[in-house]
Amino acid sequence: MAKVTLKNLSHSYLEKQNNNADWALRDISIDWKDSGAYALLGPSGCGKTTLLNIVSGLLKPTKGNVLFDDKDVTTLNPVERDIAQIFQFPVIYDTMSVYDNLAFPLKNRGLSDGEIASKVKEIAEMLELTSTLKNRASGLTADGKQKISLGRGLVRSDVNVIMFDEPLTVIDPHLKWVLRSKLKELHQKINRTMIYVTHDQTEALTFADQVVVMHEGQIVQTGTPVELFEKPKHTFVGHFIGSPGMNILPCEIKNGEVNFGGQKISSHNAIKKSNFSKTQIGIRPEFINFSKEGIPVKIKRVSNTGRHKIIDTECTGGNIKILSNASTEIPSGSTHVTFNKKFTYIYGDNWIIE
Ligand code: ATP
């Protein structure tokens, strides 16, 4: 087990770089605590796999360093780093039995037959593979094979970090939930540093204690699921996390007052001056209420999801989404809304103004 530190990491796949777009990763610095459960969350192309491959040693960063327990491992290869990596698709030996697949990493490290048998038994029980141990791996379903891959990563006790790169892609939707809860349970049991890469917010938020949100090669926020939901530090986090995401509305700031569509808005963060090229209000649909006074809006559409209603409205400043309980009576035509000040934030050039 190890603490993982990334220091000013940047990576480009190009020989020469002219602008930000030429970098797959830009100036990443972060500390991942020993035994922590982390998720790397972001859309396709934001740099998650590049970062994971740099941590595992499959890729050498263009700039910066990787440290395990404060020891610089930037130039070490994956084997020297003692890492377990679980990929999107199962990596198993089809011709071997389930038992032999799980035993393989342990045999390679010279463990005795007794030690191997007890480790394999333990991990097979955790992953509910016990009844299939004697079967050939080739006969298993995609889910079963991916469970073996997970088991092969989890069975070793000498690994510094276990890394998962979108491991549930091949898993049936209803089984995803089961395996995700299982992984969380496994983390609590075996207490290793785990880094889980995904573009799926539910996977990230249910697995990790701390979620690292990436956007265009940068880390835009690291926080608990609640922190990311309640106080997004960047408009991208507001928009990417939540369903529907945060409303991001253009506003003007004059003499410390925030103005949206001709209305004065009270916000959580106080603004003294604004020298940004763009200022925006961020307010989640959950924190907007219908009222007698406030911002005049027109109801455009109401979608009932069973548990909630999502209401699309239009006003002078832009379009606003509102989320209410399914039982809430929605006014028709023209009405007013108010923003809950505690969860209304002002952003300057996409970053929260602190
Ligand atoms: P995905 O979820 O689709 O795997 P990701 O967040 O993991 O995306 P990366 O695969 O790390 O993102 O890609 C980051 C950027 O680097 C992208 O612009 C991608 O096109 C580019 N890239 C990735 N691998 C290579 C490569 N081998 N050669 C050149 N460019 C690459």
Side-chain angles (χ1 to χ4, degrees), residues 4-30 32 37-66 73-75 77-78 81 83-91 142 146 149-150 153 161-171 173 176 179-180 183 193-208 210-223 225 228 232-243 245 350:
V4 178
T5 307
L6 308 181
K7 259 195 193 162
N8 306 110
L9 273 191
S10 293
H11 189 74
S12 175
Y13 290 96
L14 306 174
E15 294 252 318
K16 278 193 180 158
Q17 302 83 25
N18 297 314
N19 51 41
N20 285 345
D22 291 341
W23 291 92
L25 295 177
R26 288 186 281 147
D27 203 21
I28 304 264
S29 290
I30 196 163
W32 282 317
Y38 297 93
L40 273 180
L41 173 68
S44 182
C46 73
K48 304 179 297 291
T49 301
T50 305
L51 189 57
L52 206 63
N53 289 342
I54 288 175
V55 175
S56 67
L58 290 171
L59 201 62
K60 187 167 176 319
T62 313
K63 293 184 196 170
N65 302 78
V66 181
V73 297
T74 319
T75 55
N77 67 40
R81 291 188 193 197
I83 287 263
Q85 192 160 357
I86 294 131
F87 299 92
Q88 245 178 334
F89 300 102
V91 180
Q146 189 63 342
S149 277
L150 289 168
V161 188
I162 306 176
M163 304 200 296
F164 304 89
D165 194 353
E166 311 242 6
L168 303 184
T169 308
V170 292
I171 307 291
K176 270 191 185 178
L179 270 186
R180 210 160 51 220
L183 276 179
T193 313
M194 293 189 180
I195 302 173
Y196 189 109
V197 163
T198 179
H199 62 266
D200 180 325
Q201 55 167 304
T202 314
E203 270 181 35
L205 301 174
T206 48
F207 171 76
Q210 289 274 316
V211 179
V212 179
V213 185
M214 293 187 65
H215 173 56
E216 295 179 350
Q218 283 185 302
I219 292 177
V220 281
Q221 187 169 359
T222 301
L228 299 176
K233 296 261 167 90
H234 191 278
T235 53
F236 176 78
V237 179
H239 159 80
F240 193 66
I241 288 179
S243 181
N350 293 315

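Just so you know, these numbers use all the heavy atoms, side chains as well, and skip hydrogens, waters and symmetry mates. For ligands, and for the atoms within them, numbers begin at 1 and follow the listed sequence.
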Nearest protein heavy atom to [atom], by residue and atom, and its distance?
{"atom": "atom 10 (O) of ligand 1", "answer": "Thr49 CB, 3.9 Å"}
{"atom": "atom 14 (C) of ligand 1", "answer": "Gly45 O, 3.4 Å"}
{"atom": "atom 22 (N) of ligand 1", "answer": "Tyr13 CE1, 3.3 Å"}
{"atom": "atom 3 (O) of ligand 1", "answer": "Ser44 OG, 2.6 Å"}
{"atom": "atom 12 (O) of ligand 1", "answer": "Gly47 N, 3.2 Å"}

- prompt: Are Gly42 and ligand 1 in contact, using a heavy-atom cut-off of under 4.0 Å?
  reply: no
message: With a 4.0 Å cut-off on heavy atoms, is Pro43 in contact with ligand 1?
response: yes
Please confirm whether the backbone N or O of [Y] pairs with a side-chain atom of [X], one donor and one acceptor, at under 3.5 Å?
{"X": "Thr193", "Y": "Val161", "value": "no"}
{"X": "Arg180", "Y": "Ala204", "value": "no"}
{"X": "Ser29", "Y": "Asn8", "value": "yes"}

task: For atom 2 (O) of ligand 1, state which one of Lys48, His199, His11 supplies the nearest heavy atom.
output: Lys48
- prompt: So how far is it from Phe207 CZ to Leu179 CG, rounded to the nearest 0.5 Å?
  reply: 12.5 Å
message: Tell me if the NZ atom of Lys176 is crowded by more than 12 foreign heavy atoms within 6.0 Å.
response: yes
- prompt: So do Leu41 and Gln201 actually touch side chain to side chain, heavy atoms under 4.5 Å?
  reply: yes
- request: Taking atom 31 (C) of ligand 1 as the reference point, report whether a protein heavy atom occurs under 4.0 Å from it.
  value: yes
statement: ligand 1 to Thr50, heavy atom cutoff 4.0 Å, flagged ligand atoms 9 (P), 11 (O), 13 (O), 14 (C)
field: Subset of ligand 1 atoms that lie under 4.0 Å from at least one heavy atom of Ala24
entry: 15 (C), 16 (O)
message: Under a 3.5 Å threshold, yes or no: a donor from one side chain and an acceptor from the other, between Thr50 and Tyr13?
response: yes
